[in-house]
J.: 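I am attaching a structure below and will ask some questions about it afterwards.
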Amino acid sequence: MQEAAAFWIEKPRVGALRTQPLPSVGEDDVLVRTQFSGISAGTETLVFRGEVPAAESERMRAPFQEGDFPGPVKYGYQSVGVVIDGRPDLVGRTVFALHPHQSAFVLPSDAVFPLPEGVPPRRAVLAGAVETALNVAWDAAPRIGDRIVVIGAGTIGCCIARLLRAIPETDVTLVDIDPMRQGTAARLGVRFAEAAAVPGDCDIAIHASGSGSGLQLALESVAEEGTVIEASWYGDRPVTVSLGSDFHSRRLSIRSSQVGAVSSSRRGSRTRRDRLALALRLLRDGGFDALLGTESSWRELPEVMASLADGTSGRGGTGPCRTIDWKDAP
C-alpha cells in the first residue's frame, strides 16, 4: 500500500478527496488501515467554515494535521483502524489514533492506542469526544446526589451526560432545542428537557450547545452562587449573554473547560495519554452506542461535511455522531 485517500478542506466551505503517498514504515512505526473515522461536528464544522481565529491557529492544530488554516488543510482526530505493518506486537491490533480522515496512515507506534477488549471499532471513534467529556467532568467536580443540567445534546453533551449519570444519586437532565433528542437521552439513561422546561436551582450547569442562547439558559438554571462550565467553542463568532438582571446578586460564575490541557484537578497525576487511555476504557459501556448516528461512505465526505457546516444535514432522532466507513477504500 503506497497511497491513501484523504479528505482535505481546500478553502472555507469546500472539501475534496485527495490521493497522497504514504511514507515508509520505520522501525518503530505502524501502518494503519482505517475502518472508521468520526466527525467532531462542532469543531470540524468551524474549521470547515474557516472560522478559526488567527490568534488560535497554533493551539487549534490537530496532532497530525497537514496544511494550515483556513486551507488547504487536512483536519480531524477520530480514526480507528487495524495495524497491517510495523511493530510486530501491534500488527493485527485494532487501534484508535488522533488522525485526520484518511484511508490509511503511518504513525509512530506510541501515537496509537489499542482498543480495550469489549470496545467495538465503530464505538471507538467516540474516544476523542469521551476524552473531552472526561476533562469536563474533572473540571465540574460533581458530587454524589447533585442535580446537573447539560445543555446541548450533540456528541460532547451526550458523552458528558452519560459519564455523569454513573455518579450515585445524580439527577442529570440533557437539554436540546430538538425534541427528537429525547430518544437519545432515554437511551443514555438521563432525563430530557426542551429549553422552555429546563429545571432550575441545579448544582451544576454544563453548556455544550455552541450558542449564546444556550449559555444564557445555563446561567438561568443554576442555583445561587452556582457555576456554569462552558464546554462550547465558538471560533471567531461573538457571543452575547445578559450579565445584568440577577447575575451579580446571585453571584454566578462562568468557567471554561477545554481539552487541550488536562484539567488542573488531575494535571499532577494524569498525562494526556493517560486521559485518552481512560476514555477508551470507558467506552466498554455499550450505552455510548446511542450516540452513533448516520454512517456514510468515505466517498461522501465532502458532501457530508458541507451539509453539517451549513445545517442542511438535519438532526432528528438518530445519534449525534456522524461516522465514516473506510473499509472499502483503496
Side-chain angles (χ1 to χ4, degrees), residues 40-43 45-46 51 129 132-133 136-137 139-140 142 146-165 170-235 237-257 290-291 293 308-322:
S40 181
T43 302
T45 55
L46 282 171
E51 296 176 355
T132 300
V136 171
D139 283 334
D146 274 357
R147 295 187 299 273
I148 303 169
V149 62
V150 180
I151 296 175
T155 303
I156 300 300
C158 286
C159 286
I160 293 168
R162 182 66 182 182
L163 290 183
L164 297 186
R165 70 174 287 281
T170 52
D171 184 353
V172 180
T173 301
L174 187 60
V175 178
D176 202 87
I177 59 174
D178 183 356
M180 296 295 287
R181 287 286 187 244
Q182 182 170 1
T184 302
R187 293 192 293 274
L188 291 170
V190 300
R191 298 178 188 270
F192 177 82
E194 295 183 55
V198 174
D201 292 329
C202 292
D203 299 294
I204 298 171
I206 297 171
H207 178 237
S209 82
S211 69
S213 59
L215 178 56
Q216 187 68 49
L217 192 61
L219 287 167
E220 294 167 2
S221 69
V222 290
E224 188 167 334
E225 304 229 12
T227 296
V228 172
I229 303 297
E230 175 57 278
S232 297
W233 189 65
Y234 302 92
R237 290 178 292 131
V239 176
T240 301
V241 293
S242 174
L243 300 184
S245 184
D246 60 356
F247 176 80
H248 288 88
S249 63
R250 294 175 61 215
R251 300 177 61 83
L252 304 181
S253 302
I254 303 172
R255 186 154 56 91
S256 68
S257 181
L291 278 63
L308 287 170
D310 65 18
T312 60
S313 68
R315 300 186 66 179
T318 64
C321 180
R322 193 75 173 254

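None of the values given here were measured: they were computed from a predicted structure. Just so it is clear, the values below take in all heavy atoms, side chains as well, and ignore hydrogens, waters and symmetry mates.
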J.: Test of understanding: with side-chain contact (heavy atoms from CB on, under 4.5 Å), list the residues that count as partners of D203, not counting sequence neighbours.
T.: D146, R147

J.: Please step through side chain to side chain contact (heavy atoms under 4.5 Å, CB included) for the pair R250 and L219, ending with a clear verdict.
T.: CA-CA 10 Å; R250 294 175 61 215; L219 287 167; over 6 Å; no

J.: Report the distance from atom CD1 of I151 to atom CG of L217, rounding to the nearest 0.5 Å.
T.: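 Answer for the CD1-CG pair, I151 versus L217, is 4.0 Å.
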
J.: Might you point out which heavy atoms bring A137 and L164 nearest each other, and give the distance in Å?
T.: CB-CD2, 3.9 Å

J.: Would you indicate whether the side-chain heavy atoms of L215 and S232 approach each other to under 4.5 Å?
T.: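 S232 does not reach L215 side chain to side chain.
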
J.: Any idea which heavy atoms bring R191 and D171 closest together, and the distance?
T.: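 In this case the closest contact between R191 and D171 is NE-OD1, 2.7 Å.
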
J.: So, taking the atom named CD1 in I156 and the one named NE2 in H207, what distance separates them when rounded to the nearest 0.5 Å?
T.: 13.0 Å

J.: Who passes side-chain hydrogen bond (donor to acceptor under 3.5 Å, both in side chains) against E51, sequence neighbours left out?
T.: R49

J.: Identify the two heavy atoms, one from P142 and one from I204, that lie closest to each other, and give their separation to 0.1 Å.
T.: CA-CD1, 3.5 Å

J.: Nearest 0.5 Å, what's the OG1-CG distance between T227 and D139?
T.: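 Nearest 0.5 Å value for the OG1-CG distance: 11.5 Å.
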
J.: With sequence neighbours left out, write down each residue that passes side-chain hydrogen bond (donor to acceptor under 3.5 Å, both in side chains) with T173, or none if nothing qualifies.
T.: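 If we apply the side-chain hydrogen bond (donor to acceptor under 3.5 Å, both in side chains) test to T173, skipping adjacent residues, there are no hits.
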
J.: Taking side-chain contact (heavy atoms from CB on, under 4.5 Å) as the criterion, tell me which of L252, V149, D201 meets it with V222.
T.: L252

J.: Nearest 0.5 Å please: distance from the CG atom of L291 over to the CG atom of L188.
T.: 5.5 Å

J.: If only atom types and distance count, is the side chain of S209 paired as donor or acceptor with the main-chain N or O of S211 below 3.5 Å?
T.: yes

J.: Check this for me: R251, atom CZ, are more than 12 non-hydrogen atoms of other residues, nucleotides or ligands nearer than 6.0 Å?
T.: no

J.: Can you check whether T132 reaches C159 side chain to side chain, under 4.5 Å on heavy atoms?
T.: no

J.: Which heavy-atom pair separates I177 from E194 by the least distance, and what is that distance?
T.: O-OE1, 4.4 Å

J.: Using the side-chain hydrogen bond (donor to acceptor under 3.5 Å, both in side chains) criterion, which residues pair with S221? Sequence neighbours excluded.
T.: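 For S221, no residue satisfies side-chain hydrogen bond (donor to acceptor under 3.5 Å, both in side chains) once neighbours in sequence are set aside.
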
J.: In Å, rounded to the nearest 0.5 Å, how long is the span from CG of L174 to CZ of R181?
T.: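 It comes to 9.0 Å.
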
J.: Check I254 against E230 and note the closest heavy-atom contact, atom names and distance.
T.: CG2-CB, 4.2 Å

J.: Just to verify, what does Q182 make a side-chain contact (heavy atoms from CB on, under 4.5 Å) with, not counting sequence neighbours?
T.: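 Q182 satisfies side-chain contact (heavy atoms from CB on, under 4.5 Å) with F192 once adjacent residues are dropped.
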
J.: Looking at every heavy atom in both T184 and P320, which two are closest together, and how far apart are they?
T.: CG2-CD, 4.4 Å

J.: Under a 4.5 Å cut-off applied to non-hydrogen side-chain atoms, are V136 and I229 in contact?
T.: yes

J.: Does any pair with a residue in residues 150-159 pass side chain to side chain donor-acceptor pair (under 3.5 Å), and if so which ones, sequence neighbours excluded?
T.: none

J.: So how far is it from S253 OG to F247 CZ, rounded to the nearest 0.5 Å?
T.: 6.5 Å

